[in-house]
Amino acid sequence: METTNVKAYGTVAADAPLKQMNIERRNITAKDIEIEILYCGVCHSDLHTAKNDWENTIYPAVPGHEIVGKVTKVGNEVTKLKVGDFAAVGCLVDSCKTCDNCKQDLEQYCSNGWVGTYNGEDKHLGGMTFGGYSEKIVVDEAYVLKVPANLDLAATAPLLCAGITTWSPLRHWKVGKGSKVAVVGLGGLGHMAIKLAKGLGAEVTLFSRSLNKEKDALELGADAVIISTDETQMSAVSGKFDLIIDTVPYVHDVNPYVGTLNTNGTLVLVGYLGGLEPILNTVPMIMGRKSVAGSLIGGIAETQEMLDFCGEHNIVSEIEIIKIQDINEAYERMLKSDVRYRFVIDMASLKS
C-alpha cells in the first residue's frame, strides 16, 4: 500500500519526552477520508499511553483521539463527507463490523477487538495506529463524524472523548427531564457530564472534595454542589440520585456515593480502570437494588448523536489552547489537575 510521510509528535519510550517525528499515513482507498488535523484534544489516556502506565504501549507512540479537522481527500466510494467539510475522529478507527455488538452500533465493545485511533493494530499498514498529534489522518468513512457548523472547532475536539464518555451512560440510563444526576469529580470528563446532563433536562449535582469547585460547577450548569467529605451534606442526599457518573481517574472509595442512589439507581464508573479500594460494600446495593456499573466511550452512531445534540444546544468543552511544542509541559500540568478543563492543541503549530 502506498503511503505519505507526515509530521507528528510522539515518543519512543516511557521515560522519553514527546518530540517531533515523521510517520507514514496510508494513501486513501475507496472508502477512506483524509483529514487535515486542525485541533486535537489532550486526554489522560494520551498521557497514560505515552508513559506506558497501562503496560501495553508499542513505541513509537503518537497519541491523540479528540480530532477535528478539514476533509482534504475522499475515496471514490465515500458518501458521508466531501472535500472542504469539517470532520471529526474519536477514540476508534476500525472494528470487525460483523459481530453482534458492531451490528448494534456498539463498536466500542466489538467482540473481535476495536482498533484505537492510536496504539491499535493497524489493519492496513501493519504495526500500530498513530493518533491526532500529527498533520493529517486517513480513516474509513464509517468511523468519521460530521461536525455541526455552529460549533467552535477547537472546543469541539474534547467532545470526541470526554463528551461521548459521559454522553453514553446518560443515554443508556435514559436521563431526561426530571432525572436526578450526580457527577463525581470536576475535570475534563466531569465538566462535560454536567453540561450534557443539564442539556438533557436533569437536575444535576456535583460531588466534590474541594470547596473551591462550587463556583465553577454552578456556572457550568450544576444545580447544587455536595462536599463528599461532609457527613451532614452526604446524609442530606441519601437515596436521592437516579444516576451517578463517577469520573475520578484514580483508585478511590465509591461506598459513600452508593448510599446516595435511590432504589434502582446506578453509579457508573467512566474514569478509572482497576480494583476499588476499600472493597465495595454490597449491603446498600442489595437493600435498594442499586448498581455499580462501567461504561466505555460510545459507538459511532451515538457519538454523532452527541455531536448533533451539542450543535442544537451549543454545548462545547471549556478549553485552553496550546502549541504542540508545549505538550510535555501540558502533561505535567494535567498530573496536577492544572487545566480548566481540557487542553486542545492548535495543530497549526506543528507546521512552524
Side-chain angles (χ1 to χ4, degrees), residues 41 43-45 65-66 90-92 101 104-110 114 145 158-208 217 220-223 226 228 237 240-250 252 254 257-274 276 280 285 288-310 313 315 317 341-342:
C43 175
H44 267 279
S45 298
H65 58 200
E66 297 179 343
C91 301
L92 56 89
N101 285 336
Q104 296 177 68
D105 295 324
L106 297 171
E107 298 94 344
Q108 77 273 34
Y109 303 122
C110 176
W114 55 277
L145 300 142
L159 299 179
L160 280 304
C161 180
I164 187 57
T165 296
T166 50
W167 175 260
S168 189
L170 289 169
R171 294 296 282 160
H172 179 75
W173 277 277
K174 297 178 171 60
V175 167
K177 188 175 182 180
S179 298
K180 293 180 173 60
V181 174
V183 177
V184 184
L186 186 60
L189 294 175
H191 94 284
M192 286 310 309
I194 290 173
K195 287 191 172 192
L196 292 170
K198 193 66 179 177
L200 287 165
E203 177 188 323
V204 185
T205 299
L206 174 72
F207 282 121
S208 179
L220 289 166
D223 297 287
I226 298 295
S228 58
V237 292
K240 176 175 180 176
F241 300 109
D242 303 305
L243 181 68
I244 299 174
I245 298 181
D246 187 329
T247 72
V248 176
Y250 48 79
H252 59 290
V254 303
Y257 305 114
V258 174
T260 69
L261 290 169
N262 66 18
T263 303
N264 296 321
T266 299
L267 181 149
V268 58
L269 294 155
V270 298
Y272 171 66
L273 299 171
L276 294 172
L280 184 62
M285 298 170 66
R289 201 159 61 189
K290 302 171 184 181
S291 303
V292 174
S295 181
L296 176 71
I297 52 174
I300 298 302
E302 192 171 51
T303 306
Q304 188 63 63
E305 175 193 63
M306 179 268 306
L307 286 171
D308 294 342
F309 179 87
C310 288
H313 294 81
I315 295 173
S317 298
Y341 284 96
R342 205 71 155 183

Hey, are the side chains of Val237 and Thr205 touching, using non-hydrogen atoms and a 4.5 Å cut-off? no

Parallel, tilted or perpendicular, judged at 30° and 60°: which one describes the rings of Phe207 and Phe241? perpendicular

Considering only heavy atoms from C-beta outward, does the side chain of Ile194 approach that of Leu186 to under 4.5 Å? yes

So Ser179 and Leu200, do their side chains get closer than 4.5 Å, heavy atoms only? no

How far does CD1 of Ile315 sit from CG of Leu196, to the nearest 0.5 angstrom? 5.0 Å

Side chain to side chain, Met192 and Leu159, heavy atoms closer than 4.5 Å: yes

Would you call the rings of His191 and Tyr341 parallel, tilted or perpendicular, where under 30° means parallel and over 60° means perpendicular? parallel

Under 4.5 Å between any side-chain heavy atoms of Ile164 and Gln108, yes or no? no

What I'd like to find out is whether the side chain of Thr260 reaches to under 4.5 Å of the side chain of Lys240, using heavy atoms alone. no

Among Val268, Val184, Val292, which one satisfies side chain to side chain contact (heavy atoms under 4.5 Å, CB included) with Ile244? Val184

Identified side chain to side chain contact (heavy atoms under 4.5 Å, CB included) counterpart of Glu107 within the set Asn101, Ile300, Ile297: Ile300

Do Leu296 and Ser168 make a side-chain contact, defined as non-hydrogen atoms from C-beta onward lying under 4.5 Å apart? no

